[in-house]
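For reference, positions follow the sequence shown, starting with 1. Owing to the predicted nature of the structure, the values given are computational and were not obtained by experimental measurement.
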Amino acid sequence: MKYYIGVDLGTSAVKLLLMDQEGQVVNIVSREYPLSFPHPGWSEQNPEDWWEQSKEGIRELISKIDAAEVAGISFGGQMHGLVILDEKDQVIRPAILWNDGRTTKETDYLNQVIGKEKLSEYTANIAFAGFTAPKLLWVKENEPENFAKICKIMLPKDYLAYCLTGVHCCDYSDASGMLLLDVKNKCWSEQMMEICGVSREQMPELFESYEKVGTLKPEVAKELGLPETCLVAAGAGDNAAAAVGTGTVGDGQCNVSLGTSGTIFISSENFGVDPHNALHAFAHADGHYHLMGCMLSAASCNKWWMDTIIGTKDYEKEQKVIEKLGENHVFFLPYLMGERSPHNDPQARGTFIGMSMDTTRADMTQAVLEGVAFAIRDSFEIAKSLGIHIERTRICGGGAKSPLWRKIIANVLNIKVDRIASEEGPALGGAMLAAVADGTFASVEEAAARIVKVVETVEPDPEIAEKYETQYRKFVQIYPTVKALFPKLS
């Protein structure tokens with residue numbers, strides 16, 4: 001029996017999954033690490049923490065099997081984070097993460113001075129505060145001594161691949177979110193490298209997500225208890241890896257992810273760009289392309305509301321009393337970390353509106369769940385405006401475990417929502433990519449067809465969907481109305 005390890009390098013923890021060659025999940029281990037907020041709006045982590053916790057997790061993950069049968073490792077990783085190493089392969093400064101909001105000035109420079117049309121021509125995307133290129137410009141401007149030391153530039157999951165193999169690599173899906181990749185032609189953009197003041201030598205070698213980049217360094221294999229023959233595949237950005245793990249591969253498939261951030265992910269065999277640049281046009285882990293709308297706070301909105309505001313861990317109990325869907329008079333803008341798709345506004349903030357003396361705790365909880373669903377629909381509407389017809393979606397992420405939230409999503413989007421047997425998303429996708437790299441499956445599509453199983457479909461209720469249609473038309477008016485206030489509140 002062969003085994004494959006999928007590494008989901010998340011924002012709060014690394015989740016490691018062990019899958020056998022039949023696609024069965026054998027073991028799952030999770031290891032947490034700290035997240036740092038040195039200044040308001042900043043978000044950083046120490047890459048060495050990822051490595052140490054991943055090593056500990058792998059040793060536990062394989063403790064009950066014959067480790068000699070582990071044939072491959074691959075990844076799904078938090079996207080956009082800037083990791084920089086010096087000539088001695090030492091981390092120069094903490095990684096600047098995807099949800100870091102310090103780069104407003106640099107983002108404005110790219111979008112307004114370089115110009116959105118030029119950026120879209122170079123990379124198929126415009127600048128967002130979370131992307132990697134603005135972070136490089138920020139380091140260049142604010143930490144010139146660190147910028148001068150840069151020998152290698154990489155993304156979070158690629159730091160793990162580098163530690164495992166010594167290969168400076170990146171896959172096309174994750175590289176798409178750097179604003180340094182010519183997505184259409186799958187190569188580094190010479191123009192963007194020049195704008196950011198970096199060289200081709202500092203950039204990683206590019207691979208398809210399912211391609212082998214190397215094998216374990218002997219000393220690493222010994223430390224982990226794994227064979228030196230264990231291959232490492234390039235892996236994918238977390239959303240592309242989650243899409244693999246939910247079977248959202250091939251043409252015209254859709255996946256909604258309710259993780260820390262929230263996404264709507266639409267796979268396509270052909271390259272295409274949203275002319276309004278509200279959706280990202282990225283390469284996909286299956287070797288093709290996808291469009292994606294990303295909101296910065298999804299399940300994290302519910303966690304914030306439950307843990308910090310209400311002060312409870314019993315999410316199920318709070319949701320049990322919610323019955324009247326589509327009739328809530330309270331609305332919530334889920335912009336706790338600013339917002340990306342479709343507003344591209346790092347200064348946007350979370351907002352409740354519509355409360356009255358008869359507003360209940362349940363109304364507020366419902367508004368949080370609905371606000372996230374409405375924000376996902378914002379991106380869904382843009383996809384529809386491009387002529388993309390979607391009748392159903394897969395769903396994954398921590399929030400997808402809630403039957404109520406799945407029902408809300410189905411009715412707000414007015415499409416069928418498929419829940420799959422495994423909800424492991426990026427970790428399972430990573431293991432599947434490793435299996436493809438090893439030849440167990442001929443393609444990512446074959447792996448998805450063999451492994452991913454739908455266990456439940458939530459159908460929209462026409463009456464509830466009609467009510468949510470009315471509610472959504474109210475929701476879309478709130479942000480434009482209050483947008484000008486947000487900069488004055490900071």
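A perpendicular orientation is assigned to the rings of Trp50 and Tyr159, their planes being inclined by more than 60° (bins at 30° and 60°). Below 30°, between 30° and 60°, or above 60°: for Phe271 and Tyr289 the angle between ring planes is above 60°, a perpendicular geometry. Note on ring orientation: taking the six-membered ring where Trp is involved, the planes of Phe282 and His290 are perpendicular (angle over 60°, cut-offs 30° and 60°).
For the pair Tyr472 and Glu381, the minimum side-chain heavy-atom distance is below 4.5 Å. The shortest side-chain heavy-atom distance between Asp307 and Lys313 falls under the 4.5 Å cut-off. Looking at heavy atoms from C-beta onward, Met364 lies in side-chain contact with Val330 at the 4.5 angstrom threshold.
With hydrogens and angles ignored, the 3.5 Å screen pairs a side-chain donor or acceptor of Asp20 with a backbone N or O of Glu22. Side chain of Ser120 to backbone of Lys116: no donor-acceptor contact under 3.5 angstrom is found. At least one donor-acceptor pair closer than 3.5 Å links the side chain of Asn344 to the backbone N or O of Ala127. A donor-acceptor pair is defined here as one N or O able to donate and one able to accept, closer than 3.5 Å; such a pair exists between the side chain of Lys135 and the backbone of Leu97.
Between Gly245 and Val452, the closest heavy-atom pair is O-CG2, 3.6 Å. Closest heavy-atom contact between Ala448 and Val249: CB-CG2, 3.8 Å. What you find for Ala124 and Ala281 is that their closest heavy atoms are O-CB, 3.8 Å. Of all non-hydrogen atoms in Ser297 and Ser300, the two that sit nearest each other are CA-OG, 3.4 Å. In terms of heavy atoms, Cys396 sits closest to Thr246 at CB-CG2, 3.6 Å.
When only modelled atom types and interatomic distance are considered, Tyr479 and Asp378 share no side-chain donor-acceptor pair under 3.5 Å. Using modelled atom types and a 3.5 Å distance limit, the side chains of Tyr315 and Asn302 yield no donor-acceptor pair. Checking Asp171 against Ser173 by side-chain atom types alone, a donor-acceptor pair falls below 3.5 Å. Side-chain N/O atoms of Glu121 and Gln191 include no donor and acceptor closer than 3.5 Å.
Atom CZ in Arg419 sits 11.0 Å away from atom NZ in Lys401 (nearest 0.5 Å). A distance of 9.5 Å separates CZ in Phe475 from CZ in Phe332, rounded to the nearest 0.5 Å.
Between His80 and Phe128, the distance separating the two ring centers is not shorter than 6.0 angstrom.
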Given Tyr468 and Asn414, is the side-chain contact (heavy atoms from CB on, under 4.5 Å) satisfied, shown in steps? CA-CA 9 Å; Tyr468 270 130; Asn414 198 16; over 6 Å; no
Asp461 vs Asn411, side-chain contact (heavy atoms from CB on, under 4.5 Å): CA-CA, chis, key distance, verdict: CA-CA 6 Å; Asp461 179 309; Asn411 284 286; 3.7 Å; yes
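Across Leu231, Thr165, Leu216, Leu433, a single residue satisfies side chain to side chain contact (heavy atoms under 4.5 Å, CB included) together with Ile73, and that is Leu216.
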